[in-house]
**Student:** 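My questions all concern the structure below.
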Amino acid sequence: MNRRYIQLLAIAFIAVFTSTAVMAQNAVDPNREKAIDSLALEKVKDLGKYIKIIGNKSTPYNEATRVMDRAEELFAPGSEMGVSSLAKEEIEYYKVREYFRRLMALNYDKVTIEWYDVHYISDLERQPDGRYVGVVTIYQKFEGTNGDKLAYKDTTKKDITIYVEKKETQIAGRTIEFWDVILGDIRVSETSI
Amino acid sequence: MLIQMNKSIKSLALFMVLVLVLASCKSKKALVDAQPEPEPMEEPAPTPEPEPEPEPEPRDVRSAPEATLDTRLNNYFAAIASASSNDVANRNIREALGLFSNGTAPVLIIIYAANGTEDYDEPTDITKYLNYIKDTGNNVHRVKEVVRDPSGKIKELVLVKK
Amino acid sequence: MIKRFLLLSGLLVLVIQGNLQAQIVSEDDEIERQLLASTKQLNQFFSRFNGEEDTKGREFEPEDRQYRNSRLRKRFLSILFDEENAGFSESLFEEFVNKVTSDDQPIFLDLQAKEWFAVVNTTFRYKGRSMPLTLYMQIQEEGLGYEWVIADISFEPYKTLFDKQRGQTKEFLHPMSHELDFMNLRKAMVKDGSPESYTLADFEPDLLTVFLYDVKMGNLTFETVNRLNYHFFSVDGWYFSLNNFNRPGYNTGWLISDLVKINAQQKEDLLKLLYDKK
């Protein structure tokens, strides 16, 4: 999150009613921004862990299905994966669930999915409806083996959309303000590394 | 070929210079590390805060958890996160759920607190939360507050990032 | 400055090589170093260009000594150019770097910078065939924030669609048509005819509208995005383009691939060329 975010919030602060001004003011706190950043990164990392479970051949079918449900809950409805490879630069599009199903059905004895320890979190930009949007980039190493033989290997860059919105809900009669961080479309591109 | 090699050495060098130049800069952006942390058993139990608001249901008890309940829950979290198998994790989840009024007891997670206001993650329920620990191996929250029903079961749980 | 810097880098290469011999670097470590060096997002290009983050992509606070520091920016700028195919001289590069990092009028870039746009090469299905179509996209303010919008398009079949004949050979409605209550329109307005012949001399088709109409009518269906690049006129008197370099090494990601010093006329010509206009 960045200074523009702060500026935008500052503008919002001036423009919007005093009731919401407190909220905007609070968000200026750079530590709060960091907390939201790390919440976003956490969701992305959760997705990575779910993908590992779904891809793991030893995960029972019903467990994989349950985890797919949980993984799907991280996403905004209608989110898609846009996939391209070095051989084929045009993007193919899959609904998130379809992508998970394809991952589960891959024809290898063993699948290893690891993330490199490098990521990049963009600034959050405000969109016309007032929600904030950012992109988290991660790199994933995929290996499919049959027997002892490496059958397929690639490294992909994943640019993951995250939407951030402050929401309210009632819990046992109390109003809880929370940060709704959900994932959106993911661009998956094979790297030449 | 040689030129290209020189170029890539140059790029590497440029990059390394930057790394070295900035190595002394302290990290400004503390990123969440999903690495399991040592058990927070030694941590002092959160001191109970005076409750300024009147309770909507007087028979419920909102309090900082007793040391034993706190420890029990945190231990379950740790056990589920590091379970050696699905079965072990599921058994721990079942046991932990026994401490709650029901499986849909709300769980609030404080991600940030300052100046008397608290920022939360999206509220979830205890069944989902325990499964979340199982699936991700993330044991990154500790118990901050519990609300118990008259029979002593937990009907609401407030967690905070360790 | 740059040369001194390269000299310093040269020294460092020796140091690094020494270190490499001393320890075995795993393949993953090497890849991670390359990924760290890569300019992974346009966002990171802006942050590096502006000197707003460190080499690990961590943002500086504005009160940080390093924040937008011109020495830091100079170092970053040297890795923000495509080194493999750079078609510009070192002196041009130095002139550009000195301009954008000058003490009195430094230039910073972000999403809201003036005069930059994306050229997005896409494929659409049109009359049963997959065909290339170029979208020219810009960021604009709207509602509570910003959005990307289509500013213009270029599509081969549209280029000649409304080409109008002039002079003696063109089709026309004769000058006494009014006396017949324009009954000859029936022969003019026909499918696959040239209805544009019957328009004002200065008629100019609005191809973006035609495109939107065809999308709405289902005549054009989106298939995919192929490649994209960005063009910047944000630095007065300069043009540069950004391309994504997906290759091994330390000089990868979103990098400046063209850098040209331009005057007003050249800018106009270049814009026409980029927008595929006659």
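Protein chains get the first letters and strands the later ones, always in sequence-line order, with residue 1 at the start of each.
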**Student:** Please report the shortest heavy-atom distance between B:Ile111 and A:Ala35, naming the atom on each side.
**Tutor:**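 In terms of heavy atoms, the two residues are closest at O-CB, 3.7 Å.
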**Student:** Spell out the residues in residues 96-114 of chain A that have some non-hydrogen atom less than 4.5 Å away from a non-hydrogen atom of chain B, in order of number; otherwise answer 'none'.
**Tutor:**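 The residues closer than 4.5 Å to chain B amount to none at all.
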**Student:** Considering only heavy atoms, which portion of A:Lys43 lies under 4.5 Å from any heavy atom of chain B: side chain, backbone, both, or neither?
**Tutor:**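 Side chain only.
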**Student:** More than 12 foreign heavy atoms under 6.0 Å from NZ of A:Lys153: is that the case here?
**Tutor:**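 Not more than 12 within 6.0 Å, no.
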**Student:** Nearest 0.5 Å, what's the CG-CD1 distance between B:Leu108 and A:Ile171?
**Tutor:**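 Nearest 0.5 Å value for the CG-CD1 distance: 5.5 Å.
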**Student:** Which heavy-atom pair separates B:Tyr120 from A:Glu177 by the least distance, and what is that distance?
**Tutor:**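 Looking at all heavy atoms of both residues, the shortest contact is CD1-O, 3.3 Å.
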**Student:** Hey, could you give me the CD1/CG distance between B:Ile109 and A:Leu39, rounded to the nearest 0.5 Å?
**Tutor:**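 The CD1 atom of B:Ile109 sits 9.0 Å away from the CG atom of A:Leu39.
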**Student:** Are the side chains of B:Thr136 and A:Tyr50 in touch, meaning some heavy atoms are under 4.5 Å apart?
**Tutor:**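 In contact.
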**Student:** Counting heavy atoms not belonging to A:Asp117, are there more than 12 under 6.0 Å from its CG?
**Tutor:**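 Open: at most 12 neighbouring heavy atoms sit under 6.0 Å from CG of A:Asp117.
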**Student:** Decide whether B:Asp119 and A:Trp179 meet the rule of one side-chain donor and one side-chain acceptor closer than 3.5 Å.
**Tutor:**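 Their side chains do contain a donor-acceptor pair, which is all the 3.5 Å distance test asks for.
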**Student:** Would you check if B:Tyr112 and A:Asn31 make a side-chain contact, meaning some heavy-atom pair closer than 4.5 Å?
**Tutor:**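 A side-chain contact under 4.5 Å exists here.
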**Student:** Apply the test salt bridge (Lys or Arg N to Asp or Glu O under 4.0 Å) to residues A:Lys167 and B:Glu122: give CA-CA distance (whole Å), side-chain angles for both, the deciding distance (0.1 Å), then the verdict.
**Tutor:** CA-CA 9 Å; A:Lys167 284 189 175 172; B:Glu122 187 182 8; over 6 Å; no
**Student:** Start with the C-alpha distance between B:Lys134 and A:Glu63, add both sets of side-chain angles, then the distance that settles side-chain contact (heavy atoms from CB on, under 4.5 Å), and finish with yes or no.
**Tutor:** CA-CA 11 Å; B:Lys134 168 181 130 181; A:Glu63 268 293 289; 3.4 Å; yes
**Student:** Given heavy-atom pairs under 4.5 angstrom as the criterion, report whether the side chain, backbone, both or neither of B:Ile110 touches chain A.
**Tutor:**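 When you check distances to chain A, no heavy atom of B:Ile110 falls under 4.5 Å.
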**Student:** Give a yes or no on this: more than 12 heavy atoms of other residues, nucleotides or ligands lie within 6.0 Å of atom CG of A:Asn62.
**Tutor:**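 Check passes, neighbour count above 12.
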**Student:** Check the pair A:Lys49 / B:Asp135 against salt bridge (Lys or Arg N to Asp or Glu O under 4.0 Å), numbers first and verdict last.
**Tutor:** CA-CA 7 Å; A:Lys49 288 170 184 165; B:Asp135 295 336; over 6 Å; no
**Student:** Which value, rounded to the nearest 0.5 Å, describes the distance between A:Lys45 atom NZ and B:Asn138 atom CG?
**Tutor:**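 So the NZ of A:Lys45 and the CG of B:Asn138 are separated by 9.0 Å.
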